[in-house]
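Each residue takes its place number in the sequence, starting with 1.
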Amino acid sequence: MTSHDPDHTPAEETAPPAADPAVAAPLFTAEPVAGLSEDQVEALSARLNALASAYELQAEQLASMTSAEAPPQETAAEEAEPGSEPMYIVAFDDPEYYAELELMTPWVDQILSAIFGAEVTAGRPWCLRWPEHPDAVARIHACWLAWQAAIDPQSGPAGPSSWLRDHLEPLLGKLRSPDGPFAACSSLGHISHRVLDHPGFTDPDALLPAAA
């Protein structure tokens, strides 16, 4: 019969630690596989579990992205891309109109006139006050815009040639013709300048239905 020690208490049995719910149980466990060593099976199982965890993480991220609140819709003005504003000078308000004129003038003097402007004659007039001719400004500005596109490398080697044929030659043919916008101007020995009158506005009576 064994003696009982009143001061002795039996060791408390420790329960196994509870599983951490934050740590997912591995989907793949190492089991014997014919032809593979135990280390190879464990390495393969660890690799498969890592891939499975990565897949689950991507699925969670995708779900959070698709369930997120949609951003507010942009207004039509905000959706407008750069460059969608009017480019043609006839559509500009006064401040932008005169700023564009000032920007274009060096090109008119150093490129259009100095390089391509033939000698002024009575049959080929030119006006040094061309900014005061609205029709001339509109035509020159269109040619200037085409020039900028033509010298862009994306236009290729034929860009300048196409500009000469399609834009410059028609422009000079119209500006410097005897019945063009400079027809009443001359710079032969002296400068005379007169802006020809344009047709008046449409007669509103012409919009009424004809009398029966």
In residues 168-185, what donor-acceptor pairs under 3.5 Å come from side-chain atoms, sequence neighbours left out?
| from | atom 1 | to | atom 2 | distance (Å) |
| --- | --- | --- | --- | --- |
| Arg176 | NE | Pro125 | O | 3.2 |
| Arg176 | NH1 | Ala118 | O | 2.8 |
| Arg176 | NH2 | Ala118 | O | 3.1 |
| Arg176 | NH2 | Glu119 | O | 3.4 |
| Arg176 | NH2 | Arg124 | O | 2.8 |
| Ser177 | OG | Lys174 | O | 3.0 |
| Ser177 | OG | Asp179 | OD1 | 2.9 |
| Ser177 | OG | Gly180 | N | 3.1 |

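Side-chain contact between Leu112 and Trp147: absent, with no pair of heavy atoms (C-beta onward) separated by less than 4.5 Å.
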(message) Does Phe116 form a side-chain contact (heavy atoms from CB on, under 4.5 Å) with Leu164? I'd like the steps, not just the answer.
(response) CA-CA 10 Å; Phe116 301 106; Leu164 291 170; 3.7 Å; yes
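For Ala150, the side-chain contact (heavy atoms from CB on, under 4.5 Å) partners at least two apart in sequence or on another chain are Trp163. In terms of the side-chain contact (heavy atoms from CB on, under 4.5 Å) criterion, residue partners of Thr105 (sequence neighbours excluded) are, by chain and number, Asp109, Trp130. Checked against salt bridge (charged side-chain N to carboxylate O under 4.0 Å, His left out), Glu132 has the following partners two or more places apart in sequence or in another chain: Arg129. Listed by chain and residue number, nothing satisfies the side-chain contact (heavy atoms from CB on, under 4.5 Å) test with Leu207 (two or more places apart in sequence, or in another chain).
Side-chain atoms of Ser113 do not come within 3.5 Å of backbone N or O of Val108 as any donor-acceptor pair. Checked by atom type and distance alone, the side chain of Asp152 pairs as donor or acceptor with a backbone atom of Gln154 at under 3.5 Å. The main-chain N or O of Ala158 is found under 3.5 Å from a side-chain atom of Ser162 such that the two form a donor-acceptor pair.
Across all non-hydrogen atoms, the minimal contact from Val90 to Ala138 is CG1-CB, 3.7 Å.
Between the CD atom in Gln148 and the CE atom in Met87 there is a gap of 7.0 Å [rounded to 0.5 Å].
Annotation: side chain to side chain donor-acceptor pair (under 3.5 Å) contacts involving residues 94-103, sequence neighbours excluded, comprise Glu100-His141.
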